[in-house]
Structure formats: structure tokens, C-alpha cells
Amino acid sequence: MNPISKELRINEEIRAREVRVVSDTNEQLGVMPLRDALAAAAERGVDLVEVAPTAKPPVCRMMDYGKYRYEQQKREKEARKKQKVITLKEVKLRPNIEDHDFYVKMKNAIRFLEDGSKVKVTIMFRGRELSHPELGEELLVRFAEELKDKAVREKAPKLEGRNMTMMLAPKTEK
């Protein structure tokens, strides 16, 4: 259930003595005792919904509450559909990678970026390779340089244990 409907009080749940009433046709009916407002809503066959509980006096609107909740849920569902989920993909390299393998990995990164995913480029060091972290950094800088028209560097190369990582995000066209 959506959080908005939990906050709205309807009909007998309204606690104020006097309320400002707006009809289902957006017509201001003025301030009236709660009893009269409930009676007017019942007469029209709709619910009395407290839309602005903090106002003095609280504002209530006559509406079909079931229909209103249905519309709200439909709107939320549409909003969820339009949200873009950004995923994180990882490309792993070694410090002494051959050129062809480097370009294959780069092609994969390009594909991920075009799909709208962020790419984490990781260089894995083994054994004594860790004594030359500058080689890994050069490789990451070269990787970012080759992709500069498709990606923006979000996080600079950083050594974390035996791995050096860098984050790339897809470039947004303006």
C-alpha cells in the first residue's frame, strides 16, 4: 500500500470539529462542522478525504476514495517504469595484458556503457607484479583515455589490496 493513502484520513477518521470543504467539482463549499460535511459527502455518494490536515481548519475534499487510490497506484507504477536502473559491470585486466586482449576488454566496456551501466575496471596483481603498481595505473589511464568519448571517469585509479580499480560512467549527451 502506498504511503500517501496511509496518511489521508477519510470519513469518520477525521478528528477536526470544523473543516474547509472542497467539492468533487473543485468548488469551495466553505468552512462547516464535520457532521455537515460528512452528511453532504454521503448525500453525493462520495467520501470525505482530509487532504491538508495541517491547515487551520483542515481542508477536506469530497471524492471517490477508491478511485483516487487506484489513480495514485497507477501513477506510481508509471513512475517506476520510467526509472532507469543503473547496474555496475566489471572488466578485469592484468598488468601485462596483450594489446588484442586489451581491446577485447575495451569493446566489452563500450557495450556496457552503451547499455547505460557503470563500468568498474579492475587490474589484478599477482605475486611480484604488485611491486610495480605504476604499470597498472598507466594501463587504467590508457583505458580511460581510449574511452573518453563514451565515458567519464567517476573514480580515479586506486590501489585496494592486490587490485587497482577505477570507475567509469556513461557520458550523458546534452
Side-chain angles (χ1 to χ4, degrees), residues 1-92 106-122 140 143-145 147-161 163-174:
M1 190 143 186
N2 63 6
I4 293 171
S5 63
K6 282 191 190 307
E7 294 168 12
L8 296 177
R9 293 189 185 128
I10 61 167
N11 300 333
E12 282 72 35
E13 294 172 4
I14 300 170
R15 295 281 158 249
R17 265 190 245 137
E18 280 195 329
V19 292
R20 180 177 304 277
V21 182
V22 179
S23 76
D24 45 358
T25 58
N26 278 343
E27 179 188 338
Q28 295 284 338
L29 301 179
V31 177
M32 60 175 77
L34 180 63
R35 267 180 307 166
D36 297 351
L38 285 169
E43 199 175 286
R44 293 178 186 210
V46 291
D47 298 308
L48 190 67
V49 181
E50 189 177 44
V51 289
T54 54
K56 297 272 186 250
V59 178
C60 292
R61 181 184 193 129
M62 293 182 190
M63 65 170 88
D64 182 347
Y65 187 64
K67 185 178 174 186
Y68 171 76
R69 261 198 27 229
Y70 170 72
E71 292 294 328
Q72 285 291 107
Q73 287 170 343
K74 212 161 96 173
R75 248 183 260 124
E76 281 178 15
K77 194 175 176 185
E78 278 301 310
R80 274 197 301 270
K81 265 187 201 170
K82 289 186 177 112
Q83 278 181 343
K84 179 79 175 107
V85 178
I86 293 178
T87 52
L88 178 67
K89 299 287 189 174
E90 187 172 18
V91 175
K92 291 185 174 185
M106 203 171 64
K107 230 182 261 176
N108 287 338
I110 290 170
R111 196 178 72 233
F112 297 148
L113 290 164
E114 285 171 349
D115 289 343
S117 301
K118 289 185 178 182
V119 177
K120 179 181 181 181
V121 186
T122 305
L140 287 178
F143 202 88
E145 193 59 34
L147 292 175
K148 72 176 182 251
D149 55 330
K150 297 216 184 294
V152 61
R153 192 161 70 180
E154 206 170 68
K155 195 176 114 190
K158 182 181 174 198
L159 193 62
E160 297 166 346
N163 297 333
M164 185 176 280
T165 59
M166 173 181 71
M167 289 287 285
L168 298 174
K171 225 176 209 176
T172 52
E173 283 84 41
K174 287 184 177 141

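Residues: numbered from 1 along the sequence shown. Computed over heavy atoms, backbone and side chain alike; hydrogens, waters and symmetry mates excluded.
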query = Does the side chain of Lys89 reach to within under 4.5 Å of the side chain of Lys120, using non-hydrogen atoms?
reply = no
key: Sub-4.5 Å side-chain heavy-atom contact between Leu168 and Lys150   = no
ask   = What's the spacing between Leu140 CG and Met167 CE if we round to 0.5 Å?
value = 12.5 Å
inquiry  = Assess the residue pair Thr87 and Ser117 against the criterion (side-chain hydrogen bond (donor to acceptor under 3.5 Å, both in side chains)); give the C-alpha distance rounded to whole Å, side-chain angles, the decisive distance to 0.1 Å, and a yes or no.
reply    = CA-CA 5 Å; Thr87 52; Ser117 301; 2.7 Å; yes
key: Ion pair check, Lys155 and Glu160, cut-off under 4.0 Å   = yes
query = With side chains defined as the heavy atoms from C-beta onward, is the minimum distance between Glu18 and Met32 less than 4.5 Å?
reply = no
inquiry  = Among Val22, Leu48, Val51, Ile10, exactly one meets side-chain contact (heavy atoms from CB on, under 4.5 Å) together with Met63. Which residue is that?
reply    = Val51
key: Reported CZ-to-CG distance for the pair Arg69 and Leu8, which is rounded to 0.5 angstrom   = 10.5 Å
inquiry  = Do Met164 and Lys158 have side chains that approach each other closer than 4.5 Å (heavy atoms only, starting at C-beta)?
reply    = no
inquiry  = Assess the residue pair Glu154 and Val152 against the criterion (side-chain contact (heavy atoms from CB on, under 4.5 Å)); give the C-alpha distance rounded to whole Å, side-chain angles, the decisive distance to 0.1 Å, and a yes or no.
reply    = CA-CA 6 Å; Glu154 206 170 68; Val152 61; 5.8 Å; no
ask   = Yes or no on salt bridge (charged side-chain N to carboxylate O under 4.0 Å, His left out) for Lys81 and Glu78, after CA distance, side-chain angles and deciding distance?
value = CA-CA 5 Å; Lys81 265 187 201 170; Glu78 278 301 310; 3.7 Å; yes
request  = Show your reasoning for whether salt bridge (charged side-chain N to carboxylate O under 4.0 Å, His left out) applies to Lys171 and Asp149.
outcome  = CA-CA 8 Å; Lys171 225 176 209 176; Asp149 55 330; over 6 Å; no
note = Closest non-hydrogen contact found for Pro58 with Ala16 is CG-CB, 3.6 Å
inquiry  = For the backbone of Thr122 and the side chain of Asn163, can you confirm whether one donor and one acceptor N or O come within less than 3.5 Å of each other?
reply    = no
ask   = Would you say Gln28 has more than 12 foreign heavy atoms packed within less than 6.0 Å of its CD?
value = yes
query = Can you tell me how far the SG atom of Cys60 sits from the CG atom of Leu38, to the nearest 0.5 Å?
reply = 8.0 Å
task = Walk me through it: do Val46 and Tyr65 pass the test side-chain contact (heavy atoms from CB on, under 4.5 Å)?
result = CA-CA 8 Å; Val46 291; Tyr65 187 64; over 6 Å; no
ask   = Considering only heavy atoms from C-beta outward, does the side chain of Leu34 approach that of Ile14 to under 4.5 Å?
value = yes
query = So which heavy atom on Leu113 is nearest to which on Ala169, and how close?
reply = CD2-C, 3.8 Å
task = Decide yes or no for Val19 and Pro57: does some side-chain heavy atom of the first lie under 4.5 Å from some side-chain heavy atom of the second?
result = no
task = Applying side-chain contact (heavy atoms from CB on, under 4.5 Å), run through Asn26 and Arg61 and close with a yes or a no.
result = CA-CA 8 Å; Asn26 278 343; Arg61 181 184 193 129; 2.2 Å; yes
message = Rounded to the nearest 0.5 Å, what separates atom CZ in Phe112 from atom CG in Leu88?
response = 10.0 Å
ask   = Do the non-hydrogen side-chain atoms of Thr25 and Met62 ever get within less than 4.5 Å of each other?
value = no
request  = Please report the shortest heavy-atom distance between Glu145 and Lys148, naming the atom on each side.
outcome  = OE2-NZ, 3.0 Å
ask   = Nearest 0.5 Å, what's the CG-CD distance between Asp47 and Glu13?
value = 10.0 Å
key: Separation of Arg15 CZ from Glu50 CD (nearest 0.5 Å)   = 10.0 Å
